[in-house]
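None of the values given here were measured: they were computed from a predicted structure. Quick note: residue numbers are just sequence positions, from 1.
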Amino acid sequence: MTIRRLVVFGGTGDLTGRYLLPALAALYAAGHLDERFSLRAASREDWDGARYREWADGQLDRHGADFPADARRAVTTSADYLRADVTDPADVAAAVAGDDPVAVYLALPPALFPATVTALHRAGLPRGSRIVLEKPFGENLTDAQELNRLLSELVPERAVFRVDHFLAMTTVQNVLGSRLANRMLEPIWNSTHIAEIEIVWDETLALEGRAGYYDQVGALKDMVQNHLLQLLCLVAMEPPLTLGERDLRDRKVDVLRSVRPLTDYDVVQRTRRARYSDGRGVGHDVPAYVDEAGVDPRRRTETFAEMVLELDSWRWAGTQFRLRSGKALGKDRKEVAVRFRSVPHLPFGQDQDVRPNVLRFGLEPESLSMDLTATGSRPETLTQLSLTARMDAPDLPAYGRLLLDVLRGDPALSIRGDEAEEAWRVVDPVLSAWERGLVPLEEYPAGSEGPPPRHATPERRDDLLHEESVMPTE
């Protein structure tokens with residue numbers, strides 16, 4: 001059943017203006033929406049419908065200018081506005097009022113999810129309605145479990161869309177396509193041939209006015225716990241029987257369950273955190289993170305996070321998975337890099353510079369490349385080659401694909417409840433160790449490559465080893 005009513009709580013926020021409104025324009029332009037569709041935005045601003053449509057016009061001019069004018073006009077024409085407290089059952093009931101099913105999008109800080117879901121439960125939803133939650137899904141494992149409980153009392157699991165727009169990016173889906181549609185790759189997609197897989201989202205952008213959200217979460221929760229773990233699932237999963245919701249999501253959960261739990265000692269050895277100091281960004285000076293407007297230095301929020309994981313599975317025993325994300329770095333690097341092991345023997349002499357093959361899935365911009373070694377211009381000499389293919393632009397932006405799936409009721413690219421909990425199980429030990437100061441908060445100049453590699457001091461390593469050796473067993 002296709003839903004034709006969308007209610008957005010947080011309808012005047014950055015997510016709505018930057019992504020959701022342009023996504024709706026893309027759906028109109030592609031013919032997926034018509035005059036029967038309606039959008040209601042609810043937020044705290046004391047606006048009326050005319051003021052909201054004026055604001056929406058400005059956001060579409062800024063972030064959706066590539067879409068036809070009639071598609072952008074259709075979005076604003078379909079929209080109305082309601083001032084509302086998203087935690088008040090009466091206000092929530094007014095926002096979702098109507099007989100037809102409604103898709104309710106919580107474009108809100110995660111701290112508001114429980115109160116808003118509780119208000120929705122008291123207000124009631126028409127039969128067949130769906131609810132959409134942005135990442136991060138809760139603040140930790142306990143939060144995620146409680147939120148899942150609240151949601152289960154409101155709508156069936158299949159009507160809950162825990163969305164991560166990375167899953168709707170064509171390049172992310174191309175990881176699966178390249179693996180499963182090419183016979184030459186899947187037989188070597190294992191630890192026998194692959195030494196390390198890097199999943200990286202490094203960006204030159206600094207805070208860019210997002211302190212209200214970012215300073216509450218940091219790089220680990222903002223990027224690694226959701227986006228990069230989702231990429232890990234697609235890279236490491238066993239081939240699903242189909243790409244339907246059950247098969248695909250079952251295999252993703254299998255990956256998360258196979259992640260070897262991190263002890264305190266592992267966290268010290270395998271994770272890093274840092275924040276940027278003042279420096280020179282791309283074409284402009286960047287203030288230190290602690291000097292950005294809206295930042296509370298006492299939170300010690302990281303802008304760079306890295307963790308190295310191992311999977312306890314037949315396919316991946318012995319392969320490392322490095323997940324990394326940072327802000328205000330010297331260059332954008334957004335890719336999945338699959339690093340193959342070196343060849344066991346070379347008949348070209350011992351002085352040849354031979355680098356292992358690397359298969360790169362470029363996420364932004366979209367590309368696919370392979371680093372190879374071949375014979376050079378002289379006999380018995382080797383040279384490095386890079387074969388690169390540019391990908392066609394997607395038919396819909398990522399948020400357009402997600403909204404279409406929500407309205408049509410296809411949850412395959414949303415995150416199931418048990419998957420959300422397993423993702424927190426992976427990250428919770430890191431958060432705990434960081435909060436206790438076991439991993440120092442380093443600094444790196446804005447515009448640099450990030451913090452240099454650092455390891456625990458011998459004394460700290462000995463302390464942690466002793467702590468583990470005296471830990472009681474069950």
Just verifying a value: how many Å separate [X] [atom1] and [Y] [atom2], rounded to the nearest 0.5 Å?
X    : Y    : atom1 : atom2 : result
W201 : L228 : CH2   : CG    : 9.0 Å
T373 : L385 : OG1   : CG    : 7.5 Å
D266 : T271 : CG    : OG1   : 9.5 Å
L21  : H63  : CG    : NE2   : 9.0 Å
R130 : R158 : CZ    : CZ    : 8.0 Å
L167 : C233 : CG    : SG    : 8.5 Å

Could you list all the salt bridge (charged side-chain N to carboxylate O under 4.0 Å, His left out) pairs where at least one residue sits in residues 106-118, not counting sequence neighbours?
-> none
Residue pairs, two or more places apart or on separate chains, that pass salt bridge (charged side-chain N to carboxylate O under 4.0 Å, His left out) and touch residues 165-183 = R179-E186
Looking only at heavy atoms, which two atoms of [X] and [Y] are closest? And how far apart?
X    : Y    : result
S342 : P356 : OG-CG, 3.6 Å
V308 : L262 : O-CD2, 4.4 Å
L256 : A423 : CD1-N, 4.0 Å
P114 : A111 : CD-O, 3.7 Å
P89  : A123 : O-CB, 3.7 Å
V286 : A446 : CB-CB, 3.7 Å

Check against side chain to side chain contact (heavy atoms under 4.5 Å, CB included), L234 and V336 = CA-CA 11 Å; L234 297 184; V336 175; over 6 Å; no
Kindly indicate, with the supporting measurements, whether the criterion side chain to side chain contact (heavy atoms under 4.5 Å, CB included) is fulfilled by I415 and N226.
-> CA-CA 10 Å; I415 297 166; N226 38 78; 5.7 Å; no
Run the salt-bridge test on [X] and [Y] with the 4.0 Å N-O cut-off and return the result as yes or no.
X    : Y    : answer
D296 : R298 : yes
R425 : E421 : no
R251 : D247 : no
E139 : K221 : yes

Non-hydrogen side-chain atoms of [X] and [Y] separated by less than 4.5 Å:
X    : Y    : value
D371 : Q384 : no
E146 : L150 : yes
P101 : M1   : yes
L108 : E134 : no
D250 : R416 : yes
W316 : V255 : no
M237 : L176 : yes
E442 : R273 : no

Quickly, which of L15, D14, L20, T16 forms a side chain to side chain contact (heavy atoms under 4.5 Å, CB included) with R18? Name it, please.
-> D14
Exactly one candidate in Q225, R257, R260, M307 meets side chain to side chain contact (heavy atoms under 4.5 Å, CB included) with V426; the answer is M307
With a sphere of 6.0 Å drawn around [atom1] of [X], does it hold more than 12 non-hydrogen atoms of other residues, nucleotides or ligands?
X    : atom1 : result
R355 : CZ    : no
R149 : CZ    : yes
D395 : CG    : no
E208 : CD    : yes
R122 : CZ    : no

Stepwise side chain to side chain contact (heavy atoms under 4.5 Å, CB included) test for V295 and L207 = CA-CA 10 Å; V295 168; L207 195 56; 3.6 Å; yes
Are the side chain of [X] and the backbone of [Y] linked by a donor-acceptor contact shorter than 3.5 Å?
X    : Y    : value
H32  : L404 : no
T301 : D215 : yes
N182 : S178 : yes
S432 : D428 : no
N140 : D143 : yes
S277 : E443 : no
T87  : A115 : no

Hey, mind stepping through R5 and S129 against side-chain hydrogen bond (donor to acceptor under 3.5 Å, both in side chains) and telling me if it holds?
-> CA-CA 9 Å; R5 288 202 300 145; S129 294; 5.7 Å; no
Under the side-chain contact (heavy atoms from CB on, under 4.5 Å) test, residues paired with V175 that sit two or more places apart = V235, F361
Compute whether any side-chain donor of one residue and acceptor of the other, for R162 and N148, lie under 3.5 angstrom apart.
-> yes
Side-chain donor-acceptor contact under 3.5 Å, S191 with R341 = no
Test salt bridge (Lys or Arg N to Asp or Glu O under 4.0 Å) applied to E198 and K334, R339, R324, the passing residue = R339
Could you point out which residue of E245, E419, E238 forms a salt bridge (Lys or Arg N to Asp or Glu O under 4.0 Å) with K252?
-> E419
State whether Y214 and K327 meet the cation-pi test: NZ (Lys) or CZ (Arg) under 6.0 Å from the six-membered ring centroid, and within 45° of the perpendicular axis.
-> yes
Partners meeting ring pair (Phe, Tyr, Trp, His ring centres under 6.0 Å) with F137 (sequence neighbours left out) | none
Which pairs, with at least one residue in residues 221-264 and sequence neighbours excluded, count as a ring-ring contact (aromatic ring centres under 6.0 Å, His included)?
-> H165-H227, F166-H227
Pairs meeting criterion ring-ring contact (aromatic ring centres under 6.0 Å, His included) with involvement of residues 405-426, two or more places apart = none
Take L248 and L413, measure what side chain to side chain contact (heavy atoms under 4.5 Å, CB included) needs, and give me the verdict at the end.
-> CA-CA 9 Å; L248 181 62; L413 293 182; 4.3 Å; yes
